[in-house]
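Letters A, B, ... are given to chains in the order of the sequence lines, protein chains preceding strands, and every chain is numbered from 1. Here the structure is a predicted model, which means the values were calculated and not measured.
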Amino acid sequence: MAKLTMVEAINLALKQEMEKDDRVLILGEDVGRNGGVFRVTQGLWDAFGETRVMDTPLSESAIVGVAVGMAVYGLRPVAEIQFEGFVYAAMEQLADHAGRIRTRSRGRYHCPLVVRIPYGGGIGAPEHHSDSNETYFVHTPGLKVVVPSSPYEAKGLLIAAIRDPDPVIFMEPKKIYRSLKEEVPEAEYVIPLGESRVVLEGTDITLITWGAMLQPTLQAAMLMEKSGASAEVLDLRTLSPLDTNAIIESVKKTHRAVVVHEAPATCGVGAEIIARINEHALIHLEAPVARVTGFDTVMPLPKLEKYYLPNSERVVEAINRVIHF
Amino acid sequence: MAKLTMVEAINLALKQEMEKDDRVLILGEDVGRNGGVFRVTQGLWDAFGETRVMDTPLSESAIVGVAVGMAVYGLRPVAEIQFEGFVYAAMEQLADHAGRIRTRSRGRYHCPLVVRIPYGGGIGAPEHHSDSNETYFVHTPGLKVVVPSSPYEAKGLLIAAIRDPDPVIFMEPKKIYRSLKEEVPEAEYVIPLGESRVVLEGTDITLITWGAMLQPTLQAAMLMEKSGASAEVLDLRTLSPLDTNAIIESVKKTHRAVVVHEAPATCGVGAEIIARINEHALIHLEAPVARVTGFDTVMPLPKLEKYYLPNSERVVEAINRVIHF
Amino acid sequence: MPKKLVETFRVEWLQVLDEDGKCDEALRPSLDDDQIKRLFEWMVLARTFDEKAFKLQREGRLGTYASILGQEAGQVGSAFALRPTDWMFPTFREPGASFVRGLPVRMVLQYWAGDERGSQIPEGLNDFPITIPVGTQIPIAVGAALAAKAKGDDVAVMAFMGDGATSKGDFHEGLNFAGVFAAPVVFVCQNNQWAISVPLRRQTAAKTLAQKAFAYGFSGVQVDGNDVLAVYRAAHEALHRAREGKGPTLIECVTYRLGDHTTADDASRYRSQGEVEEWKKRDPIERLKKYMDKHGLWNKSYDHAVHGEAKEKVEQGVSEQESLPPPDPRDLFRFTFHELTAELNDQMERFVGTDGQRDARE
Amino acid sequence: MPKKLVETFRVEWLQVLDEDGKCDEALRPSLDDDQIKRLFEWMVLARTFDEKAFKLQREGRLGTYASILGQEAGQVGSAFALRPTDWMFPTFREPGASFVRGLPVRMVLQYWAGDERGSQIPEGLNDFPITIPVGTQIPIAVGAALAAKAKGDDVAVMAFMGDGATSKGDFHEGLNFAGVFAAPVVFVCQNNQWAISVPLRRQTAAKTLAQKAFAYGFSGVQVDGNDVLAVYRAAHEALHRAREGKGPTLIECVTYRLGDHTTADDASRYRSQGEVEEWKKRDPIERLKKYMDKHGLWNKSYDHAVHGEAKEKVEQGVSEQESLPPPDPRDLFRFTFHELTAELNDQMERFVGTDGQRDARE
Ligand SMILES: Cc1ncc(C[n+]2csc(CCOP(=O)(O)OP(=O)(O)O)c2C)c(N)n1
Ligand SMILES: Cc1ncc(C[n+]2csc(CCOP(=O)(O)OP(=O)(O)O)c2C)c(N)n1
Ligand SMILES: [Mg+2]
Ligand SMILES: [Mg+2]
């Protein structure tokens, strides 16, 4: 089994799904001959040609709108938005069409669409290249939202997303695109959407996170172990639908929780997780659930980036606050 | 003092601010000769002419983008998005420019812009004319979000919004545009942004809401009174920034809370309110905070609308759940 | 050469029937007598429906409705050129086109009565539901056209839009995409001179809307939108080019919205009755009628029969729609995703436990 | 008349200096010798800066940087036509224009080094910070122009964009708006043939970008973007029309991106070196130099002095930028709103209690 980066794992998933199902095609800016600015689609243009790997004009709204039309017609488009900071232009197509067509046509039409979006900070990228905007999609009815936390996860989740009959926003954490390698089976496998995973079992506190934040969260858990606190780490994998049961079960066991994400705190997914814990496990809580998140500010340029992004120190600090509440 | 509808109160605020400050101007679709599809800008085109009350092309993104440019140049534009369902096209201008220009230019430029958006359900309007999408703006750094709950409130809050040096999304609940009249002073008055108000004092439970949902919430409070429960009703007025202190103070007093809003539950503002109660008043809670909200579905067409929108029965049911927890 | 001409364009105007029904035989599309009768009959149905829908709204039996009075030719002439296998993307002002395609009167009423089931397009009919957010159907139509092309299907796509829609970014991005990929799509712009209260001159400084096509490297033509034969001819030619792989075309139908924008609007606030009267003289049905009369395709009894059938069809649709059981509140949740998520299931059950139940009891 | 011509257009190409620096005197803009020298000097500064910035990035002393090599004329010629009171909206590839306007070299470096203070445009300089989301500055520039018009200020606005930007909805909505309201704005499109790896033919099926202006009812002109005199002439005329209330103009500068898209790109993956070599022959600086030489405005010692000064200015800017204290982490919060909200204040204090402090100690 080969050790792959997330970029390679996603590339493999795309290649295999395109080989298996000729309804699958890719469209976006620079995804063709150039193989994508992150090389995620490298080699696919050579392998499948320009009608299945389409370099498009610079039009985020149309990239998604056209993909919706392709999906409604019967193809399985995988659209790429080059960076999350440019997806806002596509919000209308996502909210008014992708997420609605099944319900507004009472099932007559549906939209098996995947929108891949490299997102998040940590790589010192230019302005508008480091936002974490998952909330916009999680709050939008009819959209599913997936965030892989490792190469292995990325392959299995992307295959599930491509095969899903509904629109899936597949958010790829740039920070871990290449920073970690992992054994990824060549053989096909599917990680079902909507199921989280326990990355680390523990008894004293539940750490809930996803994507690139899994790493600092795990580091914090290790640090806590030294000081004798046992943390359970939950990787949500899918933000919509949320795996509420897994969150509740773990909190009922540990009685404490911290949510870690990059996006601004206010109305972030962390708020929703806390709201669900409140609804289903309030009496089990020994302390307020803490949030370690980006601030309610604009994501800064590289020089201040490290202050914005949650890190293991901030997670440890939060864990201590919760444990010694 | 005259009894005015919210439409009339907003019209009065616009007129008075335009008379007072010639930097204030209005732009949007049908706001001119037609006076707006809800007649909110009625008479202003005659009074101030077409350079200060601009009928624009059908371009939501440019309406906001052009208004940002006007604001940066030194005017105080009040842009209208005809219905909330069409604001998604302007998300890029709002998130990438309106909410960012002050921070990205380190204060060199700022954006004193108001975007008025009729929003919400309850009037049997066509498809895409009844969404409640405040979360998108509340989650976006650099934007303020205001929702008036009555004619009096609307005038004072809009004047504050127009005078605010930062971009304000001013969401107008269509449901109560004309359904309630109230004494509105001709004289100018300002209701400061960020301060909520206690509409009804109570001791047993705190009902937190805004906009059109204040009415069913108040009805529920009245019904509860009969059965001997005293509810405190909080009208948030401003959703960004949130008046956290007022929420916490009330909950510390009543130990119970219900949040009521039209938008989908997941990542709605209700989730954020619960997260803040969890952070600042968890130990004071006698029961989980309940949410009475729209569902995580697409806002339906008129025939099913009444099932989607929270009503006093659903609020009463939630209050009972919380009180008899 | 320092200052040289690198490109020139021409925008042409197409009219087959003049206002008196006089026909330019050189331009007359090849339609047999029966087909011409169909065009007349579809236009009569469209108008009959429109009058009824307006009445129903006034009687409180229908929600907000957008009248098509005066625009029958642009809708019928273009849709009539489509094949059943083609795809159509209508706006909220295309019931005339939808009828030609085979959408039951009942469903159009159902939609405007506020029932999603009115958008549950019958299997086999390749039409997209009405799009309300102006212009947003355009990139979707282009995507459908590119999908058809990719699959090698012999399918063309027709996307409708209004003059106001040409100001929207989606119009630009969609048409540009179509140009770059030579999508088999025909864009039919119903230039009815108004976008609610905004007149064309406030929508664009361009002299024609047809010329916008040149920005995307394909051609645009301006057609007399009240001349059903001209509209048909332009649509037929454009669809043919699309099928031939010759790419998209923009057709501007110059017409006029005789009614208010919708039943919620009062056009007298912003336009002169004189302008309306001028356009009434260009009635598309009258014009075809004159032509048919000259050619012995029309007489009083035929006219009577056509109107009678139309009335019947519409009344039939009304009673069908009004005798439908109300939608099941559970439908609110059921179609959000292929399968109900756990969270949605909870929300549905909690809801059924309250209002839903109570309502079921009612 | 049934089929008649309703509109025609012409797109012209403007060149003043041919590739050998031969000048068409009839088209030569009225610039005195000193002004022509300034154009040369600004272009040399732009290129000197570009080479240095590229080196700095390779040495890890600068973040991602977008080279302007080969595009100096389009930037300098257009910005040189602006008045200090005018407003300018640059893309991320306009440092040459920003220098002409008076933006310190230090600040451009600061921005690319990842420091927001590089966008804190000095008071008195009416320039918008660099815009990264392609095309989104266009409606904003139009808004500024309309504000200037509304206030009666004698101000024109210049908005830059690339060829890729012409595909974006904001381009369409912004230019259409400008046309409708006759905004005093000049749109300068730097058609450098590429949008990262996407060639112009994949961006649009239109033969020229200039012709897109006709969709909005104003004129567009295609200019040799490597001919600084042609660019200046076109910009000067367009700005004049704007000030005269004659509305907007679209100027397409036909040029070429000689370098990679940015320092993060490798253009050899998607384009041939041959194409690059062809364009190298059309060097804008060489061209003006030849012209100046013919007219006795250039000689070796002058050239040496100009490059020396440019080098000095740039090195000066580099050391200024590199000797700046790091930004205060609190700046993260301070500029979100006019006043810090309670919530932001809490977030700042909690933060300063952890990382901030620790960092302050470091
Ligand atoms: C994106 C968007 N903005 C605003 C509206 C509100 N609205 C409904 S129809 C309309 C005018 C449309 O004009 P046009 O495109 O000419 O079509 P017509 O109504 O004339 O058929 C407007 C502004 C909308 N539906 N969608
Ligand atoms: C809206 C948006 N989409 C995508 C990007 C990523 N991106 C940065 S530059 C660029 C190409 C821009 O091409 P062009 O407009 O021709 O300008 P040039 O880079 O050639 O100067 C792209 C796709 C972006 N910055 N903004
Ligand atoms: Mg119209
Ligand atoms: Mg380019």
Under 4.5 Å from any heavy atom of chain A - which part of [X]:
| X | answer |
| --- | --- |
| C:Leu125 | backbone |
| C:Ala148 | both |
| C:Phe128 | both |
| C:Val157 | neither |
| C:Pro133 | side chain |
| C:Pro327 | neither |

- prompt: At their closest point, which heavy atom of A:Pro57 faces which heavy atom of C:Phe181, and how far apart are they?
  reply: CD-CE1, 3.8 Å
- prompt: If you measure from CD1 on C:Ile140 to CD1 on A:Ile101, what distance do you get to the nearest 0.5 Å?
  reply: 7.5 Å
- prompt: Residues in ring pair (Phe, Tyr, Trp, His ring centres under 6.0 Å) with C:Phe333, at least two apart?
  reply: B:Phe295, C:Phe351
Are there donor-acceptor pairs under 3.5 Å across chain A and chain C? List atom names and distances.
| residue | atom | partner | partner atom | Å |
| --- | --- | --- | --- | --- |
| A:Ser61 | N | C:Glu173 | OE1 | 3.3 |
| A:Ser61 | OG | C:Asp170 | OD1 | 2.8 |
| A:Ala62 | N | C:Glu173 | OE1 | 2.8 |
| A:Tyr73 | OH | C:Asp153 | OD2 | 2.6 |
| A:Glu92 | OE1 | C:Lys168 | NZ | 2.6 |
| A:Gln93 | NE2 | C:Thr136 | O | 3.0 |
| A:His97 | NE2 | C:Thr136 | OG1 | 2.7 |
| A:Thr103 | N | C:Phe335 | O | 3.3 |
| A:Arg104 | NH1 | C:Ile130 | O | 3.4 |
| A:Arg104 | NH2 | C:Ile130 | O | 2.4 |
| A:Arg106 | O | C:Gln120 | NE2 | 2.8 |
| A:Arg106 | NH2 | C:Glu116 | OE1 | 3.2 |
| A:Arg108 | NE | C:Ile121 | O | 2.7 |
| A:Arg108 | NH2 | C:Leu125 | O | 2.9 |
| A:Tyr109 | OH | C:Asp127 | N | 3.4 |
| A:Tyr109 | OH | C:Asp127 | O | 2.5 |
| A:Asp166 | OD2 | C:His338 | N | 2.7 |

- prompt: What residue in A:Val72, A:Leu25, A:Val66, A:Val68 has the most heavy-atom pairs under 4.5 Å with chain C?
  reply: A:Val66
query: Between C:Val142, C:Ile121, C:Val155, which residue shows the highest count of heavy-atom pairs closer than 4.5 Å to chain A?
result: C:Ile121
